[in-house]
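Read through the structure below, which is laid out as structure tokens, and then see the notes.
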Amino acid sequence: MSAIALGMIIFAYLCGSISSAILICRLARLPDPRQHGSGNPGATNVLRVGGKAAAASVLICDVLKGMIPVWLAYYLNVQPFYLGLVAIAACLGHIYPVFFHFKGGKGVATAFGSIAAIGWDLSGLVAGTWLLTVLLSGYSSLGAIVSALMAPFYVWWFKPEFTFPVAMLSCLVLVRHHGNIQRLWRGQESRIWQKLKNKKQKTTKEIAQEQRDDKDD
């Protein structure tokens with residue numbers, strides 16, 4: 001392993017360790033995503049506890065955490081195998097962030113950013129697979145699982161030299177979703193818009209209650 005490859009792996013892990021979900025929620029004075037919703041500091045849970053704007057910001061930052069290190073390593077002509085280790089290091093940083101007591105998210109957006117650095121055609125297919133699965137099922141976790149399963153086949157078709165690194169990355173994502181897989185199998189997983197709907201209904205009830213209180217006064 002060259003010094004450049006080793007340096008990029010360390011850099012990728014440190015980039016991944018910056019938990020954008022926690023930082024953005026703190027800046028926006030939102031509830032800590034580790035203590036609310038699903039407890040996962042990721043874009044989907046921030047959507048539940050903080051709304052669309054905060055979730056979009058988290059998603060973009062998480063994607064960039066994977067994209068920037070892999071793109072730099074690709075630009076520096078790091079070999080495909082070590083390029084895969086750079087991508088895995090970024091995801092491991094997101095999952096086990098050194099700056100946040102090694103308690104992070106599941107690495108889906110960061111993994112997507114790593115693949116996007118390889119090619120926009122691949123990232124388009126992966127994103128399309130996730131979106132289609134979510135629209136058909138309503139489960140964000142299922143979208144991530146199906147996308148992780150399909151990603152190595154997409155890479156094999158377009159850029160076969162990166163098949164093995166992407167396969168390793170997909171395995172990491174799947175391992176992190178083992179709890180979601182069990183809940184999906186048992187029918188206990190919540191749909192992405194279910195909690196948003198419940199939150200909206202709760203807000204509507206609170207407004208109606210305030211109006212009744214004002215009328216009584």
Side-chain angles (χ1 to χ4, degrees), residues 13-68 90-114 127 130-131 133-135 137-145 147-148 172-184 186-214:
Y13 174 77
L14 294 176
C15 284
S17 292
I18 302 172
S19 181
S20 54
I22 298 174
L23 294 177
I24 288 174
C25 284
R26 286 179 180 176
L27 291 173
R29 300 182 183 277
L30 295 171
D32 191 328
R34 296 169 297 180
Q35 300 174 2
H36 295 80
S38 66
N40 177 56
T44 301
N45 195 37
V46 172
L47 176 64
R48 296 187 181 109
V49 302
K52 297 179 181 178
S57 301
V58 172
L59 180 63
I60 292 172
C61 291
D62 286 349
V63 169
L64 290 176
K65 289 194 304 185
M67 181 183 294
I68 292 174
C91 289
L92 286 175
H94 180 83
I95 296 169
Y96 304 107
V98 66
F99 305 125
F100 295 92
H101 308 291
F102 301 99
K103 295 179 181 179
K106 296 181 179 178
V108 176
T110 305
F112 173 76
S114 302
W130 179 88
L131 182 61
T133 305
V134 172
L135 290 176
S137 67
Y139 296 110
S140 176
S141 58
L142 183 60
I145 293 166
S147 298
L172 180 61
V173 172
L174 290 172
V175 168
R176 284 293 294 169
H177 280 79
H178 69 279
N180 300 91
I181 294 173
Q182 292 178 353
R183 288 192 294 273
L184 285 167
R186 297 169 184 168
Q188 298 173 344
E189 186 78 337
S190 60
R191 287 181 167 84
I192 189 171
W193 51 71
Q194 183 176 346
K195 290 189 177 181
L196 290 174
K197 183 178 179 181
N198 293 339
K199 184 178 180 181
K200 184 177 180 180
Q201 290 176 344
K202 182 179 179 181
T203 304
T204 303
K205 290 179 180 178
E206 291 175 349
I207 294 174
Q209 182 63 42
E210 291 176 357
Q211 291 175 345
R212 285 195 295 269
D213 293 340
D214 293 340

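Quick note: residue numbers are just sequence positions, from 1. Model, not experiment: these values are computed from the prediction.
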(request) Take Ile181 and Ile145, measure what side chain to side chain contact (heavy atoms under 4.5 Å, CB included) needs, and give me the verdict at the end. (result) CA-CA 8 Å; Ile181 294 173; Ile145 293 166; 3.4 Å; yes
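Listed here is the closest heavy atom pair of Asn40 and Gly105: OD1-CA, 3.0 Å. Between Pro97 and Tyr13 the shortest heavy-atom distance is C-OH, 4.3 Å. When every heavy atom of Val134 is checked against every heavy atom of Tyr139, the shortest pair comes out as CG2-O, 3.7 Å. Scanning both residues, Gly42 and Val58, for their nearest heavy atoms gives C-CG1, 4.1 Å. Contact detail for Val173 and Ala111: the closest heavy-atom pair is CG2-CB, 4.0 Å. Residues Ser19 and Pro41 share a closest heavy-atom pair of OG-CB, 4.2 Å.
Expressed to the nearest 0.5 Å, how far SG of Cys15 lies from CG of Asp62 amounts to 12.0 Å. We find the CG-CZ distance between Leu23 and Phe100 to be 4.0 Å, quoted to the nearest 0.5 Å. Between atom NE2 of residue His94 and atom OG of residue Ser114 there is a gap of 11.0 Å, rounded to the nearest 0.5 Å. For the atom pair CG of Leu135 and CH2 of Trp130, the computed distance is 8.0 Å after rounding to the nearest 0.5 Å. Put simply, CD on Glu189 and CZ on Arg183 are 4.5 Å apart, with the number rounded to the nearest 0.5 Å.
In this structure, the side chains of Leu142 and Leu184 come closer than 4.5 Å at one or more pairs of heavy atoms. A heavy-atom distance below 4.5 Å is found between the side chains of Cys25 and Val46. Side-chain contact between Val108 and His177 is present, with at least one heavy-atom pair separated by less than 4.5 Å. Side-chain contact between Ser17 and Phe102: absent, with no pair of heavy atoms (C-beta onward) separated by less than 4.5 Å.
With hydrogens and angles ignored, the 3.5 Å screen pairs no side-chain donor or acceptor of Thr110 with any backbone N or O of Ala90. Looking at Lys65, its side chain does come within 3.5 Å of a backbone N or O of Ile18 through a donor-acceptor pair. With hydrogens and angles ignored, the 3.5 Å screen pairs a side-chain donor or acceptor of Asn45 with a backbone N or O of His36.
Applying the salt bridge (Lys or Arg N to Asp or Glu O under 4.0 Å) test to every pair with at least one member in residues 18-29, sequence neighbours left out, gives no pairs at all.
Listed by chain and residue number, Leu172, Arg176 satisfy the side chain to side chain contact (heavy atoms under 4.5 Å, CB included) test with Ile95 (two or more places apart in sequence, or in another chain).
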